[in-house]
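Only a predicted model underlies this, so the values are computations on that prediction, with no experimental measurement involved.
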Amino acid sequence: PIPPEGYIYDDYTGKFLKEEDLPVILAKAHSEKQDENKVAFAKFLAEHPLTWTDGKVYGVTLEDQSEISLNLTQYQMQVSAGVENPVLEWHASKEACTPWSFENLTALALTISQYIYPWFQKMNEYKAQIYACQSKAEVDAIEIIYKTEEEIAAEVAAAEAANAEA
């Protein structure tokens with residue numbers, strides 16, 4: 001369809017849109033897709049904790065990382081302030097806090113950081129892809145998927161098994 005002056009026809013929605021509204025529509029699409037990306041990343045981290053060298057499972061969410069960093073910082077401040085016998089504690093998932101050495105908790109924090117780094121990079125790649133889009137349709141076409149190689153392989157195997165039975 002031929003749009004009236006000052007409008008464009010959006011094949012994606014089948015509607016006429018004011019040309020002046022396009023930047024606002026695109027900005028909203030960018031923002032909403034980036035929010036979806038952040039939520040998917042947070043969900044992935046919550047569902048993929050780390051099993052550490054002690055055999056226990058530790059959370060790797062942004063909240064977990066923030067709390068570990070805060071504990072380490074507060075401990076260092078207590079040491080610097082001359083507090084006698086400062087206590088440093090942390091906990092495995094679904095367990096109570098126990099005393100930790102500064103070295104061990106630092107090692108855990110660094111291990112978590114290394115563990116999530118590839119996924120953090122993936123989140124940033126999605127973000128760059130989202131904000132590079134020039135239309136809402138392009139933004140909407142982006143599929144945000146956080147899955148490990150093992151999860152993907154399991155899905156492929158399940159699909160192949162289902163096809164073999166069909």
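Following chains of ILVMFWY side-chain contacts shorter than 4.5 Å, one can reach Tyr131 starting from Ile144, so the two form part of one hydrophobic cluster. In this structure, Ile145 is a member of the same hydrophobic cluster as Trp119, with clusters built from ILVMFWY side-chain heavy atoms closer than 4.5 Å. Residues Phe44 and Leu62 fall within the same hydrophobic cluster, defined by Ile, Leu, Val, Met, Phe, Trp and Tyr side chains chained together at heavy-atom separations under 4.5 Å. Hydrophobic clustering of Ile, Leu, Val, Met, Phe, Trp and Tyr side chains at less than 4.5 Å, counting indirect connections, keeps Leu26 apart from Ile142. Met123 and Val39 are assigned to two separate hydrophobic clusters, defined by single-linkage of ILVMFWY side chains at heavy-atom distances under 4.5 Å.
Note that the CG atom of Leu50 and the CG atom of Leu108 stand 6.5 Å from one another [nearest 0.5 Å]. A distance of 9.0 Å separates NZ in Lys43 from NE2 in His48, rounded to the nearest 0.5 Å. Distance check: Leu105 CG to Leu110 CG gives 9.5 Å after rounding to the nearest 0.5 Å.
In this structure a side-chain-to-backbone donor-acceptor pair under 3.5 Å is missing from Gln74 to Asn71. Judged purely by atom type and a 3.5 angstrom limit, Glu138 uses its side chain to pair as donor or acceptor with the backbone of Gln134. A donor-acceptor pair under 3.5 Å is absent between the side-chain atoms of Asp140 and the main chain of Ala137, judged by distance alone.
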Test log, rule salt bridge (Lys or Arg N to Asp or Glu O under 4.0 Å), inputs Lys122 and Glu125: CA-CA 5 Å; Lys122 186 174 184 83; Glu125 289 167 9; 5.9 Å; no
- request: Kindly indicate, with the supporting measurements, whether the criterion side-chain hydrogen bond (donor to acceptor under 3.5 Å, both in side chains) is fulfilled by His91 and Glu67.
  value: CA-CA 11 Å; His91 59 89; Glu67 288 176 6; 4.5 Å; no
field: Evaluation steps, ring pair (Phe, Tyr, Trp, His ring centres under 6.0 Å), between Tyr146 and Tyr126
entry: CA-CA 11 Å; Tyr146 290 94; Tyr126 280 131; 5.5 Å; yes
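Contact detail for Ala109 and Ile68: the closest heavy-atom pair is CB-CG2, 3.6 Å. Across Thr61 and Ala46, no two heavy atoms sit closer than the pair CG2-CA, 3.7 Å. Closest approach of Ala29 to Lys136, counting heavy atoms only: CB-CG, 3.8 Å. In this structure, Ile112 and Gln65 approach most closely via the heavy-atom pair CG2-CG, 3.7 Å.
Around CD of Glu155, the count of heavy atoms belonging to other residues, nucleotides or ligands within 6.0 Å exceeds 12. Heavy atoms of other residues, nucleotides or ligands lying less than 6.0 angstrom from CD of Glu47 number more than 12. The number of heavy atoms from other shown groups lying within 6.0 Å of CZ (Phe16) is above 12.
Under the ring-ring contact (aromatic ring centres under 6.0 Å, His included) criterion, the residue pairs touching residues 57-80 are Tyr58-Trp100, Tyr75-Phe102, with sequence neighbours excluded.
The closest side-chain heavy-atom distance from Leu88 to Leu72 is below 4.5 Å.
The closest side-chain donor-acceptor pair between Asn37 and Gln34 falls under 3.5 angstrom.
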